[in-house]
Amino acid sequence: MSTKKKAPKMAKKPSKKNVLDMQAYEDRQKEEKFQNSIVELNNLKEYLAQRHSLLVKSVANRSDCHKRLNMLRVELETQKGDYKSVSEEMKRQYKTMESEMSVKVHLLETKLACCKQKLPSFR
């Protein structure tokens with residue numbers, strides 16, 4: 001048996017082929033990451049374009065809705081004014097009819113009273 005102590009094993013130096021393979025592998029991984037980033041970026045751009053399109057449609061729709069709302073408000077005010085005018089005219093006509101009927105009733109009552117007075121003289 002030998003009494004010699006063995007020297008600690010040193011890490012082997014990688015061969016040139018291994019170094020080149022590792023660099024190529026790292027380069028491929030970087031390239032894949034870069035390509036994935038480009039795809040993700042394009043997806044995000046497409047998503048933003050769709051969102052922008054929806055935003056433009058929503059703003060246009062909002063504008064149309066506000067115009068329609070304002071038109072409906074004007075129409076409502078017009079109808080309220082028409083309703084008020086018709087109501088006032090009907091009130092006026094009713095008062096006129098009521099006063100005419102009151103006059104007719106009064107005339108008929110006076111004729112009735114006159115006829116009642118003449119009735120005993122005919123008996």
Side-chain angles (χ1 to χ4, degrees):
M1 295 228 158
S2 105
T3 57
K4 289 184 182 178
K5 288 189 177 179
K6 293 184 179 180
K9 289 187 177 182
M10 300 284 283
K12 291 183 181 179
K13 286 187 177 180
S15 66
K16 278 189 174 184
K17 185 179 178 187
N18 284 344
V19 169
L20 291 176
D21 286 344
M22 288 298 286
Q23 285 179 343
Y25 176 75
E26 288 173 358
D27 288 344
R28 279 194 306 265
Q29 279 194 335
K30 286 179 184 177
E31 183 65 27
E32 284 178 15
K33 283 184 182 179
F34 180 70
Q35 291 299 325
N36 288 341
S37 296
I38 289 175
V39 168
E40 188 175 343
L41 182 64
N42 287 335
N43 289 340
L44 288 172
K45 283 181 182 178
E46 188 176 314
Y47 175 75
L48 283 176
Q50 289 173 348
R51 294 291 293 198
H52 181 71
S53 173
L54 287 174
L55 176 67
V56 168
K57 287 178 185 177
S58 296
V59 168
N61 203 9
R62 177 179 176 249
S63 176
D64 290 344
C65 287
H66 277 290
K67 287 177 186 175
R68 180 153 164 66
L69 179 64
N70 287 335
M71 285 177 20
L72 289 172
R73 282 182 178 160
V74 168
E75 185 178 335
L76 178 64
E77 291 301 319
T78 303
Q79 286 180 356
K80 280 183 180 179
D82 292 348
Y83 174 79
K84 189 173 181 179
S85 298
V86 168
S87 179
E88 293 290 326
E89 179 63 21
M90 288 177 69
K91 285 178 186 177
R92 186 191 65 75
Q93 287 178 2
Y94 178 78
K95 285 182 182 180
T96 303
M97 280 187 352
E98 188 179 33
S99 63
E100 288 173 355
M101 288 302 287
S102 177
V103 168
K104 283 183 183 179
V105 166
H106 183 66
L107 283 174
L108 289 172
E109 284 176 347
T110 53
K111 281 184 181 180
L112 179 65
C114 183
C115 288
K116 280 185 179 179
Q117 284 179 355
K118 291 181 183 178
L119 184 64
S121 62
F122 287 116
R123 286 190 185 176

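Quick note: residue numbers are just sequence positions, from 1.
The OG1 atom of T96 sits 13.5 Å away from atom CE of M101, with the distance rounded to the nearest 0.5 Å. For the atom pair C114 SG and L119 CG, the distance stands at 11.5 Å (nearest 0.5 Å). Within the model, atoms CG of L108 and SG of C115 stand 10.0 Å from one another, a figure rounded to the nearest 0.5 Å. In this structure, NZ on K116 lies 10.0 Å from CD on E109, to the nearest 0.5 angstrom. The line from CG of N70 to SG of C65 is 11.5 Å long, rounded to the nearest 0.5 Å.
Applying the under-4.5 Å side-chain rule to Ile, Leu, Val, Met, Phe, Trp and Tyr, the cluster around I38 extends to F34. With a 4.5 Å cut-off between side-chain heavy atoms of Ile, Leu, Val, Met, Phe, Trp and Tyr, the cluster of V59 takes in L55. In this structure, M90 shares a hydrophobic cluster with V86, the cluster being traced through Ile, Leu, Val, Met, Phe, Trp and Tyr side chains under 4.5 angstrom apart. Y25 belongs to no hydrophobic cluster with other residues, because no ILVMFWY side-chain heavy atom falls under 4.5 Å from its own, directly or through intermediates.
For residues 28-52, the set of pairs meeting the salt bridge (Lys or Arg N to Asp or Glu O under 4.0 Å) definition, not counting sequence neighbours, is empty. Listed by first and then second residue, the salt bridge (Lys or Arg N to Asp or Glu O under 4.0 Å) pairs that reach into residues 88-101 are E89-R92, sequence neighbours excluded. Applying the salt bridge (Lys or Arg N to Asp or Glu O under 4.0 Å) test to every pair with at least one member in residues 55-84, sequence neighbours left out, gives no pairs at all.
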field: Residue pair Q50, L54: steps toward the side-chain contact (heavy atoms from CB on, under 4.5 Å) verdict
entry: CA-CA 6 Å; Q50 289 173 348; L54 287 174; 5.6 Å; no
